[in-house]
Novice: 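So that we are looking at the same thing, I have put the structure below in structure tokens.
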Amino acid sequence: MTSYKGKIAMITGAAGGIGSAVARRFHGLGFRLMLVDIDLPRLQAAAKDYPDAILKVLDQRDMASLNSFCDEVIRDGAFIDVAVVNAGMLVIGDLGDITQQGMLDQLQVNLVSTSMLIQALARRMTAAGKGHIMATVSMGGIVSLKGSATYSASKFGLRGLLWGLKDELKPHGVQVTGIYPAGVDTPMLRHEAMHGGSALNFVGVPVTADDVAKAYEKALARPKLEVYVPYSESITGRIAGAFPWILGGLYPMLEKMGEGGRKKFLKRIGAV
């Protein structure tokens with residue numbers, strides 16, 4: 001088993017479901033954790049079992065704070081051996097129904113700020129000749145469904161960034177990986193389930209945050225450009241992504257299946 005003792009792993013969105021699950025696994029592997037989140041109290045609670053963790057508060061909607069973070073933490077701070085760029089956000093609703101600010105915030109957090117963090121990491125890791133950039137993308141970055149157009153736009157963009165970046169950084173010894181979960185049982189998904197989120201998110205059975213964390217751990221040992229969680233849903237997603245015009249006729253069936261899946265999910269989490 002590879003030892004990561006003495007190495008630093010940065011995780012953004014570290015107080016959330018996926019971020020905290022990745023933190024547990026990476027701590028178990030020997031990493032010293034740099035935990036980054038917008039919410040300091042939740043960040044402190046998430047870090048209670050990691051006494052040597054480095055805690056950083058960052059609002060990715062704030063460009064001044066983001067630029068300072070890229071300069072002071074990534075460029076001039078301790079070298080980050082592995083970066084899990086995981087923070088994201090979703091605003092429920094069709095494009096015409098959400099506010100302009102809601103649309104802009106999703107694009108800012110999920111794509112623009114994430115891209116800037118990755119650029120800063122790429123520069124530092126290239127200079128060092130080592131490192132691994134990892135990011136939580138989504139199956140929403142492979143197939144776009146109605147009700148999540150802006151979210152998917154941001155994730156499609158992130159997928160394209162990682163895809164091109166991989167071969168830019170490979171000659172410099174830097175690895176690039178995107179993790180593509182389907183629905184994940186996190187506070188975000190539970191909020192969607194209980195507050196009118198798209199039924200299409202519940203066509204499949206949601207995986208756990210630890211399932212995603214396991215995928216991150218495996219990708220450390222055997223780096224790949226894209227890792228799907230679960231792999232089975234990636235097959236249908238990639239087929240739909242190749243033939244986007246077929247989805248329109250399938251929506252009535254998919255929404256019916258999704259409403260059934262939502263009811264099962266709500267029952268499973270004790271919300272009904």
Side-chain angles (χ1 to χ4, degrees), residues 16-18 86 88-111 114 135-160 162-163 178-212 215 226-272:
I18 292 174
N86 167 71
M89 69 172 294
L90 170 70
V91 177
I92 295 171
D94 290 350
L95 182 65
D97 296 331
I98 64 175
T99 65
Q100 184 182 72
Q101 192 61 53
M103 179 181 69
L104 290 173
D105 283 348
Q106 288 180 88
L107 294 171
Q108 176 68 36
V109 173
N110 298 346
L111 180 57
T114 291
T136 304
V137 192
S138 168
M139 285 299 295
I142 294 175
V143 57
S144 182
L145 300 173
K146 66 177 186 178
S148 59
T150 303
Y151 179 81
S152 284
S154 67
K155 295 298 187 176
F156 267 62
L158 179 55
R159 187 188 189 202
L162 297 174
W163 194 344
I179 306 293
Y180 292 76
V184 186
D185 182 2
T186 61
M188 181 187 291
L189 188 69
R190 293 187 179 202
H191 178 79
E192 285 190 74
M194 293 184 281
H195 296 88
S198 173
L200 298 170
N201 292 316
F202 304 94
V203 171
V205 178
V207 299
T208 68
D210 196 54
D211 290 329
V212 182
E226 296 189 348
V227 179
Y228 312 105
V229 188
Y231 183 82
S232 58
E233 289 201 27
S234 78
I235 297 171
T236 54
R238 283 179 285 168
I239 291 171
F243 304 98
W245 53 88
I246 68 174
L247 280 172
L250 297 176
Y251 275 130
M253 177 188 71
L254 293 173
E255 288 174 332
K256 184 176 180 180
M257 291 171 61
E259 286 298 347
R262 186 207 304 268
K263 290 176 182 177
K264 290 179 181 178
F265 179 69
L266 289 171
K267 184 175 180 180
R268 191 177 92 191
I269 66 175
V272 292

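As a basis for the values below, the full set of heavy atoms in this structure was taken, side chains included, without hydrogen atoms, waters or symmetry mates. We number each residue from 1, following the sequence as shown.
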Novice: Take Phe156 and Leu111 through the test side-chain contact (heavy atoms from CB on, under 4.5 Å) and record every step on the way to the result.
Specialist: CA-CA 9 Å; Phe156 267 62; Leu111 180 57; over 6 Å; no
Novice: Atom CD in Glu233, atom CD1 in Ile142: separation rounded to 0.5 Å?
Specialist: 11.0 Å
Novice: Indicate the atoms forming the closest heavy-atom contact of Gly17 with Ala209, along with that distance.
Specialist: O-CB, 3.4 Å
Novice: What is the distance from atom CZ of Arg159 to atom OG of Ser138, rounded to the nearest 0.5 Å?
Specialist: 11.0 Å
Novice: Please verify the inter-ring angle class for His195 with His191; under 30° counts as parallel, over 60° as perpendicular, anything in between as tilted.
Specialist: parallel
Novice: Could you check whether any side-chain heavy atom of Asp105 comes within less than 4.5 Å of a side-chain heavy atom of Val91, counting everything from C-beta outward?
Specialist: no
Novice: Looking at Tyr251 and Leu145, what are the two nearest heavy atoms and their distance?
Specialist: OH-CA, 3.5 Å
Novice: In Å and rounded to the nearest 0.5 Å, what is the CG to CG distance from Asn201 to Leu189?
Specialist: 6.5 Å
Novice: Side chains of Leu158 and Asn110, heavy atoms from C-beta outward: is any pair under 4.5 Å?
Specialist: no
Novice: Return the minimal non-hydrogen interatomic distance between Ala240 and Leu247, and the atom names on each side.
Specialist: CB-CD2, 4.3 Å
Novice: Before you tell me yes or no, could you show the steps for Tyr180 and Ser234 under side-chain contact (heavy atoms from CB on, under 4.5 Å), namely the whole-Å CA-CA distance, both residues' side-chain angles and the distance that decides it to 0.1 Å?
Specialist: CA-CA 8 Å; Tyr180 292 76; Ser234 78; over 6 Å; no
Novice: Do Thr150 and Ile98 have side chains that get closer than 4.5 Å, going by heavy atoms?
Specialist: yes
Novice: Mark yes or no: Arg238 above the aromatic ring of Tyr228, with NZ or CZ under 6.0 Å from the six-membered ring centre and no more than 45 degrees from the axis.
Specialist: yes
Novice: Run Lys146 and Leu200 through side-chain contact (heavy atoms from CB on, under 4.5 Å) and show every step you take.
Specialist: CA-CA 9 Å; Lys146 66 177 186 178; Leu200 298 170; 4.1 Å; yes
Novice: Output the distance between atom CG (Asp211) and atom CD1 (Ile179), rounded to the nearest 0.5 Å.
Specialist: 12.0 Å
Novice: Using atom types as modelled and distance alone, determine if a side-chain donor or acceptor of Lys155 lies under 3.5 Å from a backbone N or O of Thr136.
Specialist: yes
Novice: Could you tell me which non-hydrogen atom of Ile246 sits nearest to which non-hydrogen atom of Leu250, and how far apart they are?
Specialist: O-CG, 3.5 Å
Novice: Find the distance between CG (Leu107) and OG1 (Thr114) and round it off to the nearest 0.5 Å.
Specialist: 11.0 Å
Novice: Give, for atom CG of Asp185 and atom CZ of Arg190, the distance between the pair rounded to the nearest 0.5 Å.
Specialist: 4.0 Å
